[in-house]
Structures are given as C-alpha cells and as structure tokens.
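One structure below.
Order of the sequence lines fixes the chain letters, A, B, ..., with proteins taken first and strands second; residue numbering starts at 1 for each chain.
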Amino acid sequence: MRDEQHIGVSAQLLAWYDLHAREMPWRVGPAARAAGVRPAPYRVWLSEVMLQQTTVAAVRDYFRRFTARWPTVEALAAAPDEAVMGEWAGLGYYARARNLLKCARVVARDHGGQFPDTYAGLIALPGIGPYTAAAIAAIAFDRAETVLDGNVERVMARLYDIHDALPGSKPVLKDHAAALTPLDRPGDHAQAVMDLGATICTPKSPACGICPLRDPCLGRARGTAPDLPRKAPKKDKPVRLGHVYLARHADGGWLMQRRPDRGLLGGMLGWPGSDWSEAPDPAPPFAAQWRELAGEVRHTFTHFHLILRIHTAELPDGPPPEGLHVVGKHAFRPSELPTVMRKAYDLWRGQ
DNA sequence: AAAACGTGGTC
DNA sequence: TGACCAAGTTT
C-alpha cells in the first residue's frame, strides 16, 4: 500500500538523486534522461550482471572493455567462450560469465536480439534472478518493478527500524520497498535507493546528518540505524592446501588447463595441479625434476582460505599430457587468468 | 534451504 | 591484519 508518507519519501529520494546521481558508463546523463532517453537494454543487462555482489569501482573498466569489444548482444553471442571468460578474468563469480554468454545466445537466437521487456520474460533467462529482472525491467523499460538488493535491504531496515534478521526479513523489507516504488520514473527511483545505500546509508557509520531521508527515518530517530540490518552470523572459513605446476617450454609457452564448466573457477584457464583440501596429494602433470618455489600463494575464496605451493619445471617437447594444452608465448596473457592463478604466475615471475 | 560461488577495498 | 562487505544466482 502506498500512502502520502511513501509518496513524500520517494519524492525526496528522486530530488536527491537528480542532484547527486553518480556518473557511471552505463547510465545516461541527466539531460538526456529528462528528454526521455533510456539506456540500451543490452548495457543495462551487462552492467547489472557485472554489479552482482561487485562494487561499482571494480565494474567500470570491465564494462568499458566489454562494450568496446562487443557493442551489441548479437556480437557477444557470437564470441568464443574463451574470449568472454578471458575478458571476465579477475571479476570473480565466473558462473556469471558462463550464464552471460548463455543468455546472450538465447536472446540473439530466440528473441531476435531484443531483450524481453517484462519481469517474467527476463527472469526466465540464464543468470537473471529476482533482483536483476526487476532492475532491467525498471531501468531499461520503465516498468514499476521493485528491486531488492543489499542496499535496499539496509535502507528499508533502517527507515522502518526492522529488527528481524536477514534473510528471514526479506519479505517484509520487500513490502516496504514496494510501497515506495513510484509509477513515474521507477528506474531512477531504484537507482536512487541503491546510490543512497552506497554513499550515505552505508553499512558502517552512515552519514545520517546529510541523508535526504533523515526526517522520516525511524532508525535514525531511535538510534538503531548503524546496527541495522541484523544478519545471521557467518560461518568461519577452513584452510585448504594445494599444489600447482608451472611448466614452461623453452620457446616461452606454458602448459595449462581449461577448467571444467562447473564448480570453482569453472570455464577459466589455470595451472594444472592437485585438488585443494586439508591434505592434498601432490599431482604433477608429468614426471620431472620439479622445483618448489620459495614462498606460497595465499588466497581467500568465498568459503575457504587457500595456501598454494608453486612448483616449476621445463616442459619437454612432444604432445602435452591428456586434458592439458600449451599456450604459446604470445597467446599467454596473465590478465586472462583468475586472480588466484595470476598470483601463482606472479610468484614465479618474481623468482 | 543451505551451501557454493571471487575478488578487492575498507576500517 | 583479518573480518566484513558489494547493484545475487544457482542448485
């Protein structure tokens, strides 16, 4: 339900956004927006997928490189898998890149290169969940859908002083967010709430003094805002060990492995090696005098810490072992490796 | 429904 | 310096 209180809050928010919206490569400027220009659905989709669990600062350059290399969804759909995975390297959550390509190919093949313009049509596509479907529908197609991301959850929990912990409180927070969603400019409203959460209503030490919603905010009035939203405690991360093997040919090529299309770092290029566990068996890809580098790579994934030992040897002539291939000196680009694999290469380079 | 799934910045 | 956190989705 939407009453005068909600209308007042969303008006405040839009007024603030018109003055303080941050420049982003996927946004259209205020003047063009006022003239009714909407961002291309392809660009909205690409940016929203990149922004899943990822900061604006990290996404900017990736977005620019992707749109320069693949300006349309048809161009992206026609790209080889390895090119897209290589361009995504370093951004993390690589299932996003695999689903991005799947989605582009469905849109190109089954929808004539046009993204569906409804929540229901969008959420049926790979890699598009409730948040992203609502975001694209609102921002690209001006539909009055309500987005619920981490920012919106935090802003709603504080604005209405909701003490129930996430994720159980999601439905209540969504109801509040929906009541605020205007029929006019729903896309700008969605981006306004998220910008507010990212710049003013921050997780720690929110800037309530300069917040456009300081008057109606219950959390601020009651002093609870900085401690909201409550969340279930996180589990601690176990430590796992692993070995990787950097085999370099005299001509400068490297022995590498394309990881299987599912699971950790799925679809990405990497070094052959052991499994990652409490007590991994060393697993050199061929028999040789392997030399263990001094030092180690430490890397933290979402759910475990990894300590990686790096081994190196010269790669002999002849066909590579089963499942592996040689990446030539000029084809090898560290920037196309996931970060943990690039760290292993950096350690080798520094020896 | 809970767990898997990356990374870099921040305090 | 290590925990927390970011414009979530999939299984």
(message) On DNA chain C, compare the nucleotides closest to A/Arg22 and A/Pro126; which residue's is nearer the 5' end?
(response) A/Arg22

(request) Return the 5'-most residue of the pair A/Lys170, A/Lys204 with respect to DNA chain C, ranking by each residue's nearest nucleotide. (result) A/Lys204

(message) Does the plane of the ring in A/Trp26 sit parallel, tilted or perpendicular to the ring in A/Phe63? Use 30° and 60° as the thresholds.
(response) perpendicular

(message) Angle between ring planes, A/His311 versus A/His243, binned at 30° and 60°: parallel, tilted or perpendicular?
(response)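 Aromatic pair A/His311/A/His243 classed tilted.
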
Which whole-number value in Å describes the distance from [X] [atom1] to [N] [atom2]?
X	N	atom1	atom2	value
A/Met341	B/dG6	CE	C1'	12 Å
A/Leu148	C/dT9	CG	C1'	14 Å
A/Tyr119	C/dT9	OH	P	8 Å
A/Phe301	B/dA4	CZ	C1'	12 Å
A/Trp45	C/dT9	CH2	P	14 Å
A/Asp61	B/dG9	CG	P	12 Å
A/Arg98	B/dA4	CZ	C1'	11 Å
A/Arg342	B/dG6	CZ	P	16 Å

Across the strands shown, which category fits [X] at heavy-atom distances under 4.0 angstrom: base, sugar-phosphate, nothing?
X	result
A/Val56	base
A/Leu265	sugar-phosphate
A/Gly263	sugar-phosphate
A/Arg60	nothing
A/Asp236	nothing
A/Gly90	sugar-phosphate

(message) Between B/dG6 and A/Thr302, counting only base atoms on the nucleotide and side-chain atoms on the residue, is there a donor-acceptor pair under 3.5 Å?
(response)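 Result: at least one qualifying N/O pair found.
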
(message) Looking at A/Thr54 and B/dG6, is any side-chain donor or acceptor paired with a base atom of the opposite kind under 3.5 Å?
(response) yes

(request) Step through the shown structure and confirm whether more than 12 heavy atoms of other residues, nucleotides or ligands are within 6.0 Å of CD on A/Glu278. (result) no

(request) Count the heavy atoms of every other residue, nucleotide or ligand shown that sit under 6.0 Å from CZ of A/Arg230, and state whether that count exceeds 12. (result)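 Not buried by this count: 12 neighbours or fewer within 6.0 Å.
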
(request) Any chance you could measure A/Ile139, atom CD1, to A/Arg27, atom CZ, to the nearest 0.5 Å? (result)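 Answer rounded to 0.5 Å: 7.5 Å.
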
(request) Could you grab the distance from atom CZ of A/Arg342 to atom CD of A/Glu336, nearest 0.5 Å is fine? (result) 13.0 Å

Under 4.0 angstrom between [X] side-chain N/O and [N] OP1 or OP2:
X	N	answer
A/Gln53	C/dG8	yes
A/Tyr93	B/dA4	no
A/Arg154	C/dA6	yes
A/Thr339	B/dT7	yes
A/Lys102	C/dT9	no
A/His303	B/dC5	yes
A/Thr132	C/dT9	yes
A/His299	B/dG6	no
A/Lys234	C/dA3	no

(message) For A/Ala95 and A/Ala57, find the nucleotide of DNA chain B closest to each by heavy atoms; which residue's nucleotide sits nearer the 5' end?
(response)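 It is A/Ala95, whose closest nucleotide lies nearer the 5' terminus.
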
(message) Between A/Lys235 and A/Lys343, which residue's closest nucleotide on DNA chain B lies nearer the 5′ terminus?
(response) A/Lys235

Can you tell which of [options] lies closest to the side chain of [X]?
X	options	answer
A/His305	B/dG6, C/dT9, C/dA3	C/dA3
A/Arg96	B/dG6, C/dT10, C/dA6	B/dG6
A/Asn99	B/dT7, C/dT10, B/dC5	C/dT10

(message) Suppose clustering is done on Ile, Leu, Val, Met, Phe, Trp and Tyr with side-chain heavy atoms closer than 4.5 Å. Which residues sit in the same group as A/Leu19?
(response)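 Under the 4.5 Å side-chain rule, A/Leu19 groups with nothing.
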
(message) Using atom P in both nucleotides, what's the gap between C/dT9 and B/dG8 to the nearest angstrom?
(response)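 Between the two P atoms, the distance is 22 Å.
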
